Each structure stands twice: as structure tokens, then as C-alpha cells.
J.: 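To start, I am sharing the structure in question, which I have written as C-alpha cells.
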Amino acid sequence: MVAINEKDSKPVSFYEFCNAVAQRLNIDQNKLLPDASWVDDVGISSVDIVKIVMLIRQKFGVKISTTQAGRIKTVQNAYQLLESALNNS
């Protein structure tokens, strides 16, 4: 679990992160396994990855650089990016 910044102290679990992503992209949450590739396994496009980054920025209140966003390949990568950003805020 990760603690959100001062704006909201409620922790964010991997499940909650996946639930938010599934709702935003209208996809089956069961596809969001840690090692699942966004493109190959989940079946989303690079445009949808941008939506995930925007979700992280808006819902969880953290800043994600374009360089960091470009490294997102798996579901776990995206969650780790969220964790890292929250730990550094």
C-alpha cells in the first residue's frame, strides 16, 4: 500500500489502483495482473497509457514526468511509478 500526499491520507493499494484504471479505461480489472504488459496482455494503446498517467496525476495528486511515463510497460511499472511519486512528495 502507498500513502497519498497531504491532500488525502487514505492509502492506495494495488487493487484500488487497478480498479481506478479499469474504470477509467473501461476494461476488465481481472486483466490487470502485476506482470501484465499494457499493450500485449491488457490490449490497450499508447494513447491509453497517457490516460493512465493522467489518472495518476489527477486522482492521486502526483506529478509524473514524460520520461517516467515512457517507462511504463507493465501494470506493476505504473503502480511503482505511483508509489515512487507518492514517496517523494
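The figures here come from the full heavy-atom set of this structure, side chains too, leaving out hydrogens, waters and symmetry mates. Since the model is a prediction, treat every value here as computed from it, not as a measurement.
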J.: CZ of Phe14 to CD of Gln76: how many Å apart, nearest 0.5 Å?
T.: 5.5 Å

J.: Testing Val42, Leu32, Val75 one by one against Val21 for a side-chain contact (heavy atoms from CB on, under 4.5 Å), which residue passes?
T.: Leu32

J.: Write out all pairs satisfying ring pair (Phe, Tyr, Trp, His ring centres under 6.0 Å) with one or both partners inside residues 19-41, taking only residues at least two apart or from two chains.
T.: none

J.: Please report the shortest heavy-atom distance between Ala78 and Phe17, naming the atom on each side.
T.: CB-CZ, 3.6 Å

J.: By the salt bridge (charged side-chain N to carboxylate O under 4.0 Å, His left out) test, which pairs, at least two apart or in different chains, include something from residues 61-73?
T.: none

J.: Among residues two or more places apart or on two chains, list those pairs meeting salt bridge (charged side-chain N to carboxylate O under 4.0 Å, His left out) that have a residue in residues 22-49.
T.: Asp48-Lys51

J.: Apart from Val50 itself, what residues make up its hydrophobic cluster when side-chain heavy atoms of I, L, V, M, F, W and Y under 4.5 Å apart count as a link, directly or indirectly?
T.: Met54

J.: Nearest 0.5 angstrom please: Ser37 OG to Ile72 CD1, how far?
T.: 12.0 Å

J.: Starting from Leu33, walk the hydrophobic network (Ile, Leu, Val, Met, Phe, Trp, Tyr; side-chain heavy atoms closer than 4.5 Å) and list everyone else you reach, by chain and number.
T.: none

J.: Ignoring hydrogens, what is the shortest heavy-atom contact between Ile49 and Ala69? Give both atom names and the distance.
T.: CG2-O, 4.5 Å

J.: Less than 4.5 Å apart, side chain to side chain, heavy atoms only: is that true for Leu25 and Leu55?
T.: no

J.: Answer yes or no: is there a donor N or O on one side and an acceptor on the other, between the side chain of Asn77 and the main chain of Thr74, under 3.5 Å?
T.: yes

J.: Is there a continuous path of hydrophobic side-chain contacts, each under 4.5 Å between heavy atoms, that joins Ile56 to Val39?
T.: yes

J.: Nearest 0.5 Å, what's the CZ-CD distance between Phe60 and Glu83?
T.: 11.5 Å

J.: Could you grab the distance from atom CG of Leu82 to atom CD1 of Ile52, nearest 0.5 Å is fine?
T.: 12.0 Å

J.: Nearest 0.5 angstrom please: Ile44 CD1 to Ile27 CD1, how far?
T.: 6.0 Å

J.: According to side chain to side chain donor-acceptor pair (under 3.5 Å), who are the partners of Ser65, at least two apart in sequence or on a separate chain?
T.: Gln68

